[in-house]
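These notes concern the structure reproduced below.
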Amino acid sequence: MDDPVLLTGAGGRVGQAILAGIGPDYDWRLLDREPLSEDELPHGVASDDVVVADVTDEEAVRGAVEGVGAVIHLAGDPRPNAPWDSVLRNNIDGTHALFEAAVDVGVRKVAFASSNHAVGAYETDDRTPGMYRRDDDYRLDGTELPRPSNLYGVSKAAGETLGRYYHDHDGLSVVCVRIGNLTKSHPPKEYERGQAMWLSHRDCAHLFDRCLRAEYGYEIVYGISDNDRKYYSLARAREVLGYDPQDNSAEYTFEGEPRGGNDLED
Ligand SMILES: NC(=O)C1=CN([C@@H]2O[C@H](COP(=O)(O)OP(=O)(O)OC[C@H]3O[C@@H](n4cnc5c(N)ncnc54)[C@H](O)[C@@H]3O)[C@@H](O)[C@H]2O)C=CC1
Ligand SMILES: O=C1O[C@H](COP(=O)(O)O)[C@@H](O)[C@H](O)[C@H]1O
């Protein structure tokens, strides 16, 4: 990828994990509605490459995508309990504005930050907590219909559908990454669901690197580490993107302490 890459929501948790891992490897343009501090910028990114704007601002977004080859679109309200007015504006209108601008100027690829909450209602009372455990073979693989757990999940399913439309209508390559639970240094503590869908910082950076480098049409993949407890299949991400995760929440105790050597979870 020789052309610049636009990263929206660059100042947030996922954006910073990506930049910490692959910051030096791309020519970045960054967009966030909050100004980014010096230490949030990868080496070599000048203030001219930073757009402080709301992703629903069509003119600003059009300027931001001009000349870029690919976009990683993260900007939005990430709260599972976010109210409808916020997800409608930040997540649905914002994602629509981003896709419209991208196809208008001829961007080739968009990686969209979807969420586990687009399919959270598969976690029914009769399946949980068993499905969060490693001896359970229940798997979602990205071919299932959305089944959102909240209005935030509805907004992510809408983003995936917008991506489908712009792929079919305009030929844009789109990968929707249903991100699990990103935490730094250790998996979520004392939280089975979080440990089943943990995404480490290094696997996150590697996954989005693969989204930028691989060739695909329209894809939905799961964005988690290679956790023993997983109930999301990584097969599609491995096959289409070449994702090769290195981390596994089983290498940590339930309380989040690293286990020694080969001492994996019982
Ligand atoms: N952190 C996680 O474990 C997960 C995150 N995601 C998704 O990944 C994306 C990033 O999430 P995080 O980094 O955790 O959130 P965050 O809240 O840390 O970062 C979001 C960034 O986007 C910016 N932003 C929000 N609304 C904006 C708007 N309308 N215009 C421009 N900038 C805006 C914020 O200023 C912030 O810097 C979100 O779309 C979220 O739904 C999905 C699943 C899990
Ligand atoms: O989409 C998201 O999911 C993660 C995990 O959800 P949780 O309900 O198990 O905490 C969440 O932490 C993150 O904020 C959200 O954007």
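This structure is a prediction, so every number in the text was calculated from the model and none was measured. All values below were derived from every heavy atom in this structure, side-chain atoms included, with hydrogens, water molecules and symmetry-related copies excluded. Ligands are counted one by one from 1 in listed order, and the atoms in each one are counted from 1 as well.
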Are [X] and [Y] close enough that a side-chain donor and a side-chain acceptor fall under 3.5 Å?
X	Y	result
Asn150	Asn81	no
His167	Ser173	no
Ser200	Asp247	yes
Asn90	Arg33	yes
Arg193	Asn181	no
Arg178	Tyr222	yes
Asp209	Tyr26	yes
Asp93	Thr56	no
Glu160	Ser114	yes

Specify the protein heavy atom at minimum distance from [atom]: its residue, its atom name, and the distance to 0.1 Å.
atom	answer
atom 16 (O) of ligand 2	Pro78 O, 2.6 Å
atom 4 (C) of ligand 1	Ile179 CG2, 3.9 Å
atom 25 (C) of ligand 1	Gly76 O, 3.3 Å
atom 29 (N) of ligand 1	Asn90 OD1, 2.8 Å
atom 6 (N) of ligand 1	Tyr152 OH, 3.8 Å
atom 9 (C) of ligand 1	Leu74 O, 3.1 Å
atom 8 (O) of ligand 2	His117 NE2, 3.0 Å
atom 9 (O) of ligand 2	Tyr191 OH, 2.4 Å
atom 8 (O) of ligand 1	Ala113 CB, 3.6 Å

Q: Between Arg193 and ligand 2, find which residue part has any heavy-atom pair under 4.0 Å and reply side chain, backbone, both or neither.
A: side chain
Q) According to a 4.5 Å side-chain heavy-atom criterion applied to Ile, Leu, Val, Met, Phe, Trp and Tyr, with indirect links allowed, do Val14 and Tyr243 form part of one hydrophobic cluster? A) yes
Q: Heavy-atom distances under 4.0 Å are what count here, so tell me which part of Arg89 touches ligand 1: side chain, backbone, both or neither.
A: neither
Q.
At under 4.0 Å between heavy atoms, is it the side chain or the backbone of Ser114 that contacts ligand 1, or both, or neither?
A. backbone
Q. With a cut-off of 6.0 Å (strictly less than), are more than 12 heavy atoms of other residues, nucleotides or ligands near CD of Glu58?
A. no
Is [X] near ligand 1, meaning one of its heavy atoms is under 4.0 Å from it?
X	answer
Gly180	yes
Ala10	no
Asp54	yes

Q. Does the ring-ring contact (aromatic ring centres under 6.0 Å, His included) test come out yes or no for Tyr166 and Phe99, once each step is laid out?
A. CA-CA 7 Å; Tyr166 287 102; Phe99 276 127; 5.5 Å; yes
Q) Looking at Gly9, which atoms of ligand 1 are within less than 4.0 Å of one of its heavy atoms? A) 21 (C), 22 (O)
Among [options], closest by any non-hydrogen atom to [atom]:
atom	options	value
atom 30 (N) of ligand 1	Val14, Val55, Thr95	Val55
atom 3 (O) of ligand 2	Val14, Asn116, Ile179, Leu199	Asn116
atom 35 (O) of ligand 1	Ile72, Asn181, Asp32	Asp32
atom 32 (N) of ligand 1	Lys156, His117, Arg33, Glu34	Arg33
atom 17 (O) of ligand 1	Pro78, Ala60, Gly12	Pro78
atom 4 (C) of ligand 2	Gly180, Ser115, Pro80	Gly180

Q.
At less than 4.0 angstrom from any non-hydrogen atom of Tyr152, what atoms of ligand 2 do you find?
A. 1 (O), 2 (C), 15 (C), 16 (O)
Q: Go through ligand 2 atom by atom and flag the ones less than 4.0 Å from a non-hydrogen atom of Arg13.
A: 14 (O)
Q | Any Asp104 side-chain heavy atom under 4.5 Å of Arg62 side chain | A | yes
**Q.** Contact check, side chains of Leu145 and Tyr122, non-hydrogen atoms, under 4.5 Å
**A.** yes
Tell me whether [X] has any N or O atom under 3.5 angstrom from an N or O of ligand 1.
X	answer
Leu31	no
Ser115	no
Leu182	yes
Arg13	yes

Q. Once you round to the nearest 0.5 Å, how far does CG of Leu234 lie from NZ of Lys230?
A. 5.5 Å
Q: Carefully, step by step, assess Arg229 and Asp136 under the rule salt bridge (charged side-chain N to carboxylate O under 4.0 Å, His left out).
A: CA-CA 8 Å; Arg229 288 176 176 273; Asp136 193 290; over 6 Å; no
